[in-house]
Amino acid sequence: MMKQVRYIKDIEILKPDHEPELMAIKARGIAELKKLVVPFLVPRPSREEPDDGIYELDFIVDERGAGFKDVEMEVDIVFRLKNLPSWVKGIRIFGAE
């Protein structure tokens with residue numbers, strides 16, 4: 001079962017000088033867990049270029065494995081992007097809250 005991370009603590013954009021077409025997004029947030037999880041970022045579907053130029057992603061956790069007591073845990077992910085569309089001016093990541 002996939003669900004959004006409860007809330008996002010911080011986001012960092014990394015652009016290496018030696019690879020200008022590469023960008024990495026590092027996101028960290030708090031997730032409510034019942035099982036072991038796999039965090040990842042999923043681009044939101046877009047049929048056309050957004051007017052504001054913002055590339056939108058959902059911060060998701062995929063629960064797997066044996067259950068345990070409800071717990072909140074910090075999760076993080078590094079999402080690498082190459083050759084973004086020319087219309088992108090920024091990044092927006094969504095959590096549940």
Side-chain angles (χ1 to χ4, degrees):
M1 176 175 139
M2 291 192 299
K3 63 180 184 177
Q4 283 184 312
V5 166
R6 184 172 178 189
Y7 64 88
I8 297 166
K9 290 181 68 175
D10 60 64
I11 299 166
E12 184 179 356
I13 305 296
L14 308 166
K15 288 198 55 85
D17 292 335
H18 62 283
E19 289 187 80
E21 74 283 353
L22 179 67
M23 180 175 83
I25 303 166
K26 183 176 183 181
R28 186 172 26 175
I30 300 296
E32 293 178 2
L33 308 177
K34 296 179 195 285
K35 300 179 181 187
L36 297 175
V37 299
V38 178
F40 53 97
L41 293 174
V42 178
R44 286 191 162 195
S46 178
R47 298 192 186 278
E48 56 188 53
E49 293 180 11
D51 293 336
D52 60 4
I54 302 298
Y55 191 66
E56 297 182 334
L57 303 111
D58 284 310
F59 196 173
I60 303 290
V61 289
D62 186 5
E63 295 180 343
R64 301 175 187 260
F68 50 86
K69 287 184 177 181
D70 290 354
V71 65
E72 286 189 352
M73 179 179 283
E74 186 172 286
V75 293
D76 63 357
I77 184 75
V78 175
F79 184 68
R80 290 171 181 81
L81 298 163
K82 205 167 194 174
N83 300 318
L84 280 171
S86 60
W87 55 260
V88 174
K89 295 179 187 173
I91 301 289
R92 181 178 296 131
I93 300 175
F94 295 90
E97 292 182 15

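The shown structure was predicted, so the numbers you read here are calculated from the model rather than taken from an experiment.
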Query raised in the report: When rounded to the nearest 0.5 angstrom, what distance separates CD in E12 from CG in D76?
Result: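 Taking CD in E12 and CG in D76, the distance rounds to 11.0 Å.
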Report summary line: dist R80:CZ -> L14:CG (nearest 0.5 Å) comes out at 9.0 Å
Query raised in the report: What residues form a salt bridge (charged side-chain N to carboxylate O under 4.0 Å, His left out) with D10, not counting sequence neighbours?
Result: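 Once residues adjacent in sequence are excluded, the partners of D10 under the salt bridge (charged side-chain N to carboxylate O under 4.0 Å, His left out) criterion are R28.
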Query - Partners passing salt bridge (charged side-chain N to carboxylate O under 4.0 Å, His left out) against K26 (at least two apart in sequence or in another chain) - result: none
Are any non-hydrogen side-chain atoms of [X] and [Y] less than 4.5 angstrom apart?
| X | Y | value |
| --- | --- | --- |
| F94 | V5 | no |
| I25 | L41 | yes |
| I13 | M23 | yes |

**Report entry** Sequence neighbours excluded, every pair satisfying salt bridge (charged side-chain N to carboxylate O under 4.0 Å, His left out) that has a member inside residues 82-96
**Finding:** E21-K82, D52-R92, E56-R92
Requested in this report: For I8, check side chain to side chain contact (heavy atoms under 4.5 Å, CB included) against everything at least two apart and list the hits.
Outcome: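 For I8, the residues satisfying side chain to side chain contact (heavy atoms under 4.5 Å, CB included) (neighbours in sequence not counted) are I11, F59, I93.
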Query raised in the report: Taking only residues two or more places apart in sequence or in another chain, which ones pass side chain to side chain contact (heavy atoms under 4.5 Å, CB included) with P45?
Result: none
Query - Linked, directly or transitively: I77 and L22 (ILVMFWY side chains, under 4.5 Å) - result: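 No: no chain of side-chain contacts under 4.5 Å links I77 to L22.
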Query raised in the report: Among the clusters formed by ILVMFWY side chains lying less than 4.5 Å apart, do F79 and I91 turn up in the same one?
Result: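 Result: yes, single cluster for both.
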Query - Transitive ILVMFWY cluster of Y7, excluding itself - 4.5 Å side-chain cut-off - result: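 Under the 4.5 Å side-chain rule, Y7 groups with I30.
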